[in-house]
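Hydrogens, waters and symmetry mates play no part in the numbers below; they use all other heavy atoms, side chains included.
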Amino acid sequence: MKSVIRTAAGGPEVLQLVERPVPEPGPDEVRVRVHVSGVNPTDWRSRRRALPPGMKEQVPHQDGAGVIDAVGSQIDPARVGQRVWIWEAAWERPWGTAQQYTLVPDRHAVALPDHAPFELGAALGIPALTAHRALTVHDGGPRRIAPGTLQGMTVLVAGGAGAVGNAAVQLARWAGARVITTVSGPAKAALARAAGAHRVVDYRTQDAAAEILAFAPNGVDIIVEVAPGANTALDIAVAAQGAVVAYYAGGEGEQLSVPVLSSLAANLRWQSVFVYTVPPTAKQQALTDVTAAVDAGALRVGEKAGMPLHRFPLKHTAEAHTALEQGVVGRVLLDIP
């Protein structure tokens, strides 16, 4: 089979297209014939780091979608032939989704309904599970996302045109929240509106705090934050009493410095969200809720959903990484032959 591997840390040039034997699943694993592999920022960032201990090579990419074609001895054989989406395939494992066949633990291959295209399945994983966690860490708030669970709440999504931002907008809308998002220009504003944001603020040309508070005079309850260091002052200015700032990213060397007295009285909370180490019960709830959202048609991809798709063949995986590193807006996917 065709696989993309890396044997060292570095730039996109360390990614090699090679031939490898089709692997056999272990007792608790399934083998998936991958149709589409999703590329996330975490993939190129991990590519720059050394291989996990004990690995001589690794296939990149956490997300993907395809069809189960073999199962281990402990797995129900009825799963063979099932369409699935894959999450965290390469987390501390050698088998990512940038190859024709991959092995994952049974629960990491989630049923994908027939009406959902493989490109949607490959776009779920990291973005949707991160967004779910960010939307469910509010003190006293719901621990699940479903119609009505965020009714009466206001959510601010920083960077609504990004992959996590897009998923957060769609999930928050599905759960009944009022959603506002910040963007850096007209093109991204159009994408955030397509995702379903009620109000979109261009922070480069508008007074973001004034615009947000005009939409939510009592402040926002949940802030899904992509740049906590840069946006601390804005987040404090627009946060409601007891709000949470759920941050999931940051630049190299970015520092989060919170002024104590100006945020103390509001009982604000800054909550880090690192999808790989989310508590198991919360992760399982996210899988359940994201699956329900897909079934309901509440999660979409493509230009009309505010998430343009940029597709590359497997042999151009390095170019796909380069495009993502250079800031292409939308979801980067690999079509697996």
Side-chain angles (χ1 to χ4, degrees), residues 38 40-42 63 87 120 123-138 141-151 153-184 188-189 191-201 203 208 212 215-216 220-228 231 234-235 238-240 243-250 269-275 278 282-283 285-287 289-294 296-302 305-308 329-331:
N40 292 286
T42 187
D63 298 345
W87 57 280
L120 172 60
L124 294 172
I126 296 293
L129 298 180
T130 299
H132 184 282
R133 177 64 173 170
L135 293 170
T136 54
V137 292
H138 185 272
R143 293 295 176 261
R144 59 187 293 262
I145 296 296
T149 58
L150 293 179
Q151 195 72 40
M153 302 186 76
T154 302
V155 174
L156 168 62
V157 178
V164 174
N166 175 276
V169 170
Q170 293 194 64
L171 287 172
R173 277 296 305 263
W174 185 55
R178 300 172 74 236
V179 183
I180 186 169
T181 184
T182 54
V183 296
S184 60
K188 291 183 178 180
L191 295 175
R193 290 190 189 95
H198 292 98
R199 181 70 64 85
V200 179
V201 176
Y203 63 82
I212 292 167
F215 178 77
V220 298
D221 304 292
I222 300 170
I223 301 173
V224 182
E225 183 58 79
V226 67
N231 291 336
L234 174 62
D235 292 341
V238 303
V244 62
V245 182
Y247 63 95
Y248 62 89
R269 178 158 64 92
W270 270 260
Q271 169 74 52
S272 62
V273 174
F274 186 62
V275 69
V278 165
K283 180 68 70 65
Q285 189 64 58
L287 294 170
D289 295 348
V290 168
T291 297
V294 171
L299 280 172
R300 304 165 295 131
V301 291
M307 186 51 48
V329 178
R331 199 67 163 96

Non-hydrogen side-chain atoms of Asn40 and Arg331 separated by less than 4.5 Å: yes
Considering all heavy atoms, the nearest Val220-Ala243 contact: O-CB, 3.4 Å
Atom pair CD1/NE2 of Ile223 and His138 - distance to nearest 0.5 Å: 10.0 Å
Distance-minimising heavy-atom pair for Pro228 and Ala249: CD-O, 3.1 Å
Residues forming a side chain to side chain contact (heavy atoms under 4.5 Å, CB included) with Ala189, sequence neighbours excluded: Val183, Arg193, Val200
Residues forming a side chain to side chain donor-acceptor pair (under 3.5 Å) with Thr291, sequence neighbours excluded: none
Donor-acceptor pair, side chain of Thr181 and main chain of Val157, under 3.5 angstrom: yes
Results of side chain to side chain donor-acceptor pair (under 3.5 Å) for Asp289 - residues two or more places apart only: His132, Gln285
Spatial distance of atom CZ (Arg173) from atom CZ (Arg178) [nearest 0.5 Å]: 11.0 Å
Exercise: identify the closest heavy-atom pair between Gly125 and Asp63: CA-OD1, 3.4 Å
Check: Ala197 main-chain N/O paired with Arg199 side-chain donor or acceptor under 3.5 Å: no
Side chain proximity check, Ile222 to Val224, heavy atoms < 4.5 angstrom: yes
Nearest heavy atoms of Val201 and Ala208, plus distance in Å: CG1-CA, 3.8 Å
Residues which pass salt bridge (charged side-chain N to carboxylate O under 4.0 Å, His left out) with Lys283, listed by chain and number, not counting sequence neighbours: Glu88
Residue list, side chain to side chain contact (heavy atoms under 4.5 Å, CB included) with Ala298, at least two apart or on another chain: Trp174, Ala293
Those residues that, when tested against Ala146, pass side chain to side chain contact (heavy atoms under 4.5 Å, CB included) (two or more places apart): Arg144, Thr149
Residues in salt bridge (charged side-chain N to carboxylate O under 4.0 Å, His left out) contact with Arg269, at least two apart in sequence or another chain: Asp139
Heavy-atom side-chain contact between Tyr248 and Val226 under 4.5 Å: yes
Over all atoms of both residues, closest heavy-atom pair of Leu156 and Thr182: CD1-CG2, 4.2 Å
For Arg133, all residues meeting salt bridge (charged side-chain N to carboxylate O under 4.0 Å, His left out), sequence neighbours excluded: none
Non-neighbouring partners of Asn231 that pass side chain to side chain donor-acceptor pair (under 3.5 Å), sequence neighbours left out: Glu225
Set of side chain to side chain contact (heavy atoms under 4.5 Å, CB included) partners for Ala177, sequence neighbours left out: Leu150, Val155, Ala172, Val179
Residue pair Met307 / Pro127, side-chain heavy-atom distance below 4.5 Å: no
Minimum-distance pair of heavy atoms, taken over all atoms of Phe215 and His198: CZ-CB, 3.8 Å
Could you list the donor-acceptor pairs under 3.5 angstrom formed between side-chain atoms of residues 160-171 and any protein atom two or more places apart in sequence or on another chain?
unit_1	atom_1	unit_2	atom_2	d
Asn166	OD1	Gln170	NE2	2.7
Asn166	ND2	Ala305	O	2.9
Asn166	ND2	Gly306	O	3.4
Gln170	OE1	Arg300	N	2.9
Gln170	NE2	Arg300	O	3.1

